[in-house]
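Worksheet: the structure to be examined is printed underneath.
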Amino acid sequence: MIDARVAELLNQQVNKEFYSAYLYLDFSNYYYDLNLDGFGNWYRIQAQEERDHAMLFVQYLQNNGIRAKLEAIDKPAIELTGAKMVLDEGLKHEQYVTSLIHDIYDAAYSVKDFRTMQFLDWFVKEQGEEETNADNLVKKFALFGDDPKSLYMLDQELGARVYAAPSLVL
């Protein structure tokens with residue numbers, strides 16, 4: 001049986017993950033408007049990943065006899081004003097999501113909910129990768145963003161990214 005507070009946090013995370021998908025879809029649309037289709041592709045795939053993360057939380061709740069409570073997803077409130085700014089916001093958002101995962105882990109730890117902690121282990125690792133990827137994009141843009149030829153090559157690199165579904169076994 002999952003502790004009520006842990007269940008509440010897991011339910012909140014479902015909606016946070018769907019918000020992340022919505023936010024990254026907004027980022028993707030912004031880059032497509034700038035004709036940076038590779039960047040747009042990169043964030044469209046990020047949106048797919050976040051949606052799948054939400055579904056993993058839904059499945060975990062269901063597997064433990066808890067109904068996932070779907071709430072309204074807020075409209076992204078960030079005014080997108082530049083290609084680099086979007087990358088910076090993406091990194092900040094990943095750091096925020098990491099803090100949310102840590103909060104759930106801490107709540108599970110406090111009630112010795114080892115099953116939920118084990119479930120969250122994958123997300124802890126995933127968030128480390130997400131932060132690294134976002135930070136690498138910020139750094140690459142800082143190196144290449146002012147040079148049109150280099151920016152074109154970076155955009156081509158990001159356009160080659162393909163979607164890979166998460167491999168978490170519940």
Lys/Arg N to Asp/Glu carboxylate O, E8 vs K69, below 4.0 Å = no
inquiry  = Can you classify the ring geometry of Y43 versus Y24 as parallel (below 30°), tilted (30 to 60°) or perpendicular (above 60°)?
reply    = tilted
key: More than 12 heavy atoms of other groups within 6.0 Å of D146 CG   = no
request  = Apply side-chain contact (heavy atoms from CB on, under 4.5 Å) to Y30 and list each qualifying residue two or more places apart in sequence or on a separate chain.
outcome  = L34, L80, V86
note = What one should report as the nearest heavy-atom pair of A160 and N41 is N-ND2, 4.4 Å
key: CD1 on I45 to CG on L158, rounded to 0.5 Å   = 9.5 Å
What donor-acceptor contacts under 3.5 angstrom involve side-chain atoms of residues 95-105, with partners at least two apart or in another chain?
from, atom 1, to, atom 2, distance (Å)
Y96, OH, K16, NZ, 3.1
T98, OG1, E94, O, 3.0
T98, OG1, Q127, NE2, 3.1
T98, OG1, E131, OE2, 2.5
S99, OG, Y96, O, 2.6
Y105, OH, D121, OD1, 3.0

query = Minimum heavy-atom separation for R51 to A21, with atom names?
reply = N-CB, 3.8 Å
inquiry  = Walk me through whether F39 and F141 qualify under side chain to side chain contact (heavy atoms under 4.5 Å, CB included).
reply    = CA-CA 11 Å; F39 284 83; F141 195 89; 3.9 Å; yes
inquiry  = Please determine whether the number of non-hydrogen atoms from other residues, nucleotides or ligands lying under 6.0 Å from atom CE of M85 exceeds 12.
reply    = yes
ask   = Is V124 reachable from F114 through a run of I, L, V, M, F, W or Y residues, each pair having side-chain heavy atoms under 4.5 Å apart?
value = yes
ask   = Nearest heavy-atom pair of A7 and L61: which atoms, and what distance?
value = O-CD2, 4.3 Å
query = Would you say the ring centroid of Y19 lies under 6.0 angstrom from that of Y22?
reply = no
query = Out of curiosity, S20 OG to Q13 CD, how far, rounded to the nearest 0.5 Å?
reply = 7.5 Å
ask   = Are L56 and V6 connected, step by step, through hydrophobic side chains (Ile, Leu, Val, Met, Phe, Trp, Tyr) whose heavy atoms are closer than 4.5 Å?
value = yes
ask   = Got a second to check how far I66's CD1 is from L10's CG, nearest 0.5 Å?
value = 7.0 Å
request  = State whether the side chain of D3 and the backbone N or O of R5 hold a donor-acceptor pair below 3.5 Å, judged by distance alone.
outcome  = yes
Heavy-atom donor-acceptor pair, D155 side chain to G38 backbone, under 3.5 Å = yes
message = Test side-chain hydrogen bond (donor to acceptor under 3.5 Å, both in side chains) on Q59 and N63; report intermediate values, then the result.
response = CA-CA 6 Å; Q59 186 66 54; N63 288 350; 2.7 Å; yes
E130 vs Q46, side chain to side chain contact (heavy atoms under 4.5 Å, CB included): CA-CA, chis, key distance, verdict = CA-CA 9 Å; E130 296 288 3; Q46 279 301 110; 3.0 Å; yes
key: Side-chain donor or acceptor of S110 paired with backbone N/O of A107 under 3.5 Å   = yes
ask   = When rounded to the nearest 0.5 angstrom, what is the spacing between CZ in F123 and CD in E126?
value = 8.0 Å
inquiry  = Test salt bridge (charged side-chain N to carboxylate O under 4.0 Å, His left out) on E49 and R161; report intermediate values, then the result.
reply    = CA-CA 13 Å; E49 284 189 6; R161 184 181 185 199; 3.0 Å; yes
ask   = In Å, rounded to the nearest 0.5 Å, how long is the span from CG of N64 to CD1 of I2?
value = 3.5 Å
message = Hydrophobic clustering (ILVMFWY, side-chain heavy atoms < 4.5 Å, transitive) - are M55 and L25 grouped together?
response = no
N15 side chain to E71 backbone, donor-acceptor under 3.5 Å = yes
query = For E129, does the CD atom have more than 12 heavy-atom neighbours from other residues, nucleotides or ligands under 6.0 Å away?
reply = yes
query = G40 and S28: which non-hydrogen atoms are nearest, and at how many Å?
reply = O-OG, 2.7 Å
request  = Group every Ile, Leu, Val, Met, Phe, Trp and Tyr by side-chain heavy-atom contacts under 4.5 Å, then state whether Y152 and Y31 land in the same group.
outcome  = no
ask   = With hydrophobic residues grouped by side-chain heavy-atom distances under 4.5 Å, do I73 and L70 end up in a single group?
value = yes
request  = Answer whether the closest heavy-atom distance between the side chains of F57 and F18 falls below 4.5 Å.
outcome  = no
query = What distance separates L36 CG from L151 CG, expressed to the nearest 0.5 Å?
reply = 5.5 Å
request  = Return the minimal non-hydrogen interatomic distance between V138 and D88, and the atom names on each side.
outcome  = CG1-OD1, 3.5 Å
inquiry  = Would you say that L87 contacts F27 through its side chain, given a criterion of any heavy-atom pair below 4.5 Å between the two side chains?
reply    = no
